Novice: 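Quick one: the structure is below, questions incoming.
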Amino acid sequence: IQQPQHADNRPLQHEIADEVVAQLAFGLLAPQAFTSPKYLYDVLGSRLFAAICELPEYYPTRTEAAIFERYASQIIEALGVGSILIDLGAGNCTKAAKLFPELQPRHYVAIDISEQFSQEAVICLQQQFPHIKMTCLGIDFSVELELPYSIARERRQFFFPGSSIGNFAPLEALRLLHRIRKTIADDGGLLIGVDLIKDKAILDAAYDDALGVTASFNRNLLQHLNQLLDADFNLAEWCHRGFFNPQQSRIEMHLEANSDTIVRWKNGGMRHFAKGERIHTESSYKYTQQSFIDLLQQAGFGKVQSWCDSRQWYMVCHAQG
Ligand code: AVI
């Protein structure tokens with residue numbers, strides 16, 4: 001018997017759900033358990049992340065915004081008025097919208113894994129900027145980046161702020177940058193934010209804040225897993241660990257078991273975690289200015305312009321095709 005399919009051959013909802021369960025179970029059963037950082041972002045997780053961006057210890061958001069403000073005219077000149085602005089991981093679209101008055105993009109394309117979330121923001125923005133054509137696409141660009149023909153190839157400018165590139169391991173980051181490079185012509189580019197290596201104490205505090213918001217963001221993952229996997233994680237048994245690992249040049253976030261515990265989930269899944277055992281939930285790679293520029297060039301970008309804050313904590317790059 002043939003399974004019913006969407007007319008356009010997209011997998012059905014229950015097939016996606018089965019794949020999510022299989023992927024998560026694979027990670028949880030690995031000798032060093034892990035989950036993909038994308039599962040940190042359910043509705044509450046996205047709100048907690050927005051709160052993290054307001055914390056005194058979490059400098060990247062503020063530092064990036066200050067760079068955008070200080071070098072606005074140079075950045076707009078690099079992107080070019082009237083281009084196509086393609087926002088990767090658009091979320092609520094606020095960062096891109098700040099560029100609209102000066103940049104006047106001819107077409108704004110918001111790409112997010114959660115199409116519904118961005119769709120609402122795009123509808124509001126369309127009222128404020130009725131002359132800009134707007135499109136919203138639900139794409140997991142960490143896997144593929146095939147854009148529809150309705151998005152012209154000329155003058156595509158990708159926008160990837162927030163140092164989200166840091167959440168990809170270097171090889172995956174290279175693959176993503178290469179994927180972006182392939183979808184632009186020589187007149188296109190990429191505006192990207194990247195967090196730089198700095199004093200360990202500053203990095204540690206940014207990912208383990210005094211108020212415990214990052215801890216809640218991390219522990220909320222267990223609630224999300226309970227829902228996705230029908231699992232029985234007991235939140236009281238898990239604590240947050242967030243620290244800079246200088247050997248790997250990355251922040252690591254883990255959830256650590258406070259005591260021996262057994263977790264069960266859908267389809268007979270089960271794992272015993274010993275006290276102190278961890279689930280690796282996120283990495284956030286930090287670069288030197290040169291190592292990131294090298295990565296862009298390795299991905300096939302020819303010319304790179306960059307801007308930093310006075311403390312050299314953060315860098316914004318415009319890479320051209
Ligand atoms: C979304 N991403 C760039 C954040 C980061 O800094 O890696 C996610 C985050 N995790 C904990 N705090 C913030």
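Both ligands and their constituent atoms are indexed starting at 1 by order of listing. Given the structure is predicted, the values throughout are model-derived calculations rather than measurements.
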Novice: Could you measure the distance from the CZ atom of R62 to the CD atom of E64? Nearest 0.5 Å is fine.
Specialist: 12.5 Å

Novice: Which heavy atom of Y39 sits nearest to which heavy atom of Q23, and what is that distance?
Specialist: OH-OE1, 3.4 Å

Novice: Looking at R179 and F141, would you say the former's side chain and the latter's main chain have a donor-acceptor pair under 3.5 Å?
Specialist: yes

Novice: Ignoring hydrogens, what is the shortest heavy-atom contact between R156 and T183? Give both atom names and the distance.
Specialist: NH1-O, 2.7 Å

Novice: Between D195 and K286, is there a side-chain N and carboxylate O pair less than 4.0 Å apart?
Specialist: yes

Novice: Quick one: which of H254, E252, E256, H280 gives a side chain to side chain donor-acceptor pair (under 3.5 Å) with R241?
Specialist: E256

Novice: Could you list each nitrogen or oxygen of ligand 1 that sits under 3.5 Å from a protein nitrogen or oxygen, with the atom names and the distance?
Specialist:
| from | atom 1 | to | atom 2 | distance (Å) |
| --- | --- | --- | --- | --- |
| ligand 1 | 2 (N) | N167 | OD1 | 2.9 |
| ligand 1 | 6 (O) | Y58 | OH | 2.5 |
| ligand 1 | 6 (O) | Y207 | OH | 2.5 |
| ligand 1 | 7 (O) | N167 | ND2 | 2.9 |
| ligand 1 | 7 (O) | S284 | OG | 2.7 |
| ligand 1 | 10 (N) | E282 | OE1 | 2.7 |

